[in-house]
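Structure first, then comments.
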Amino acid sequence: MENLFVYAGDEKIEKAHWVACEKLKQPFILITSKGPDFDEIFFDITNLTSTGTSQDISRNIKKFYETYISFFELRNPRDIEDQHDDYFFRFSTKHTHTKEIAQQLFHYLKNNIR
């Protein structure tokens, strides 16, 4: 799959990417700009067959995210609020980290969900 994620803003591109992810049974990852310094990464794994529950998967991603925001000392009310969600499928990243995190998230989900 050529594009592992898409940026929000063009519904045709988002839809085409969703269809491709669905067809290839790949995770869907959407990045939305949240200003000049931050982005939000949203991921959907409904296209993948999973032996674990969505809650287990989101819990693993949440652990990574808690380490990420602690290490880079990134705190804002939204981060704290989202950490209490049962299903953790979106999170903020520094704009300079977004592409690498989204790429690794794709590979992690693809390799760890069967």
Side-chain angles (χ1 to χ4, degrees):
M1 185 166 173
E2 187 175 319
N3 295 322
L4 305 182
F5 56 86
V6 293
Y7 289 91
D10 186 328
E11 288 187 28
K12 284 185 177 183
I13 292 173
E14 291 173 34
K15 176 70 173 168
H17 187 67
W18 173 263
V19 169
C21 290
E22 190 173 42
K23 180 180 177 183
L24 298 171
K25 299 198 181 311
Q26 305 280 3
F28 174 81
I29 299 174
L30 179 69
I31 298 171
T32 304
S33 176
K34 295 296 180 183
D37 297 324
F38 290 91
D39 296 314
E40 180 180 88
I41 296 177
F42 166 81
F43 65 98
D44 188 312
I45 54 174
T46 57
N47 294 325
L48 283 75
T49 304
S50 174
T51 56
T53 67
S54 295
Q55 193 170 13
D56 291 337
I57 294 158
S58 69
R59 191 175 11 248
N60 289 340
I61 298 301
K62 185 176 176 180
K63 286 178 190 176
F64 154 75
Y65 186 65
E66 289 169 343
T67 301
Y68 169 73
I69 62 174
S70 175
F71 184 79
F72 285 100
E73 299 178 342
L74 305 175
R75 285 281 181 194
N76 67 49
R78 182 179 180 137
D79 291 333
I80 294 165
E81 178 184 310
D82 286 351
Q83 288 182 18
H84 300 292
D85 291 347
D86 288 336
Y87 296 98
F88 191 80
F89 294 111
R90 65 183 167 89
F91 53 90
S92 299
T93 60
K94 281 196 63 76
H95 179 71
T96 55
H97 304 154
T98 301
K99 184 177 177 182
E100 289 79 11
I101 290 173
Q103 288 172 340
Q104 187 58 37
L105 176 63
F106 177 90
H107 294 297
Y108 175 85
L109 294 171
K110 179 119 173 80
N111 293 333
N112 288 284
I113 300 173
R114 303 274 176 217

Heavy atoms only: give me the nearest [X]-[Y] pair and the separation to one decimal.
X      : Y      : value
Thr32  : Ala8   : OG1-CB, 3.5 Å
Asn3   : His17  : O-CE1, 3.0 Å
Pro27  : Lys110 : CG-N, 4.3 Å
Ile101 : Ile41  : CG2-CD1, 3.8 Å

As an exercise, state the distance from [atom1] of [X] to [atom2] of [Y], rounded to the nearest 0.5 Å.
X      : Y      : atom1 : atom2 : value
Ile69  : Phe64  : CD1   : CZ    : 10.5 Å
Thr98  : Glu40  : OG1   : CD    : 10.5 Å
Lys25  : Thr46  : NZ    : OG1   : 10.0 Å
Gln104 : Glu100 : CD    : CD    : 10.5 Å
Asp37  : Ser92  : CG    : OG    : 11.5 Å
Ile13  : Leu30  : CD1   : CG    : 11.5 Å

- Message: Parallel, tilted or perpendicular, judged at 30° and 60°: which one describes the rings of Phe28 and Trp18?
- Response: perpendicular
- Message: In the structure I gave you, are the side-chain heavy atoms of Ile57 and Asn112 within less than 4.5 Å of one another anywhere?
- Response: no
- Between Lys94 and Phe38, is any pair of side-chain heavy atoms under 4.5 Å apart? yes
- ring-ring contact (aromatic ring centres under 6.0 Å, His included) involving Phe89 - partner list, sequence neighbours excluded: Phe43
- Would you please name every residue forming a ring-ring contact (aromatic ring centres under 6.0 Å, His included) with His97, sequence neighbours left out? Tyr68, Phe72
- Query: Per the side chain to side chain contact (heavy atoms under 4.5 Å, CB included) rule, which among Leu74, Ile31, Asp39 passes with Thr93?
  - Reply: Asp39
- Query: Quick one: do Phe71 and Tyr65 end up in the same hydrophobic cluster if we chain Ile, Leu, Val, Met, Phe, Trp and Tyr together by side-chain heavy atoms under 4.5 Å apart?
  - Reply: yes
- Treating Ile, Leu, Val, Met, Phe, Trp and Tyr as nodes and any side-chain heavy-atom pair under 4.5 angstrom as an edge, say whether Val6 and Phe42 lie in one connected cluster. yes
- Item | side-chain hydrogen bond (donor to acceptor under 3.5 Å, both in side chains) against His107, all qualifying residues, sequence neighbours excluded | none
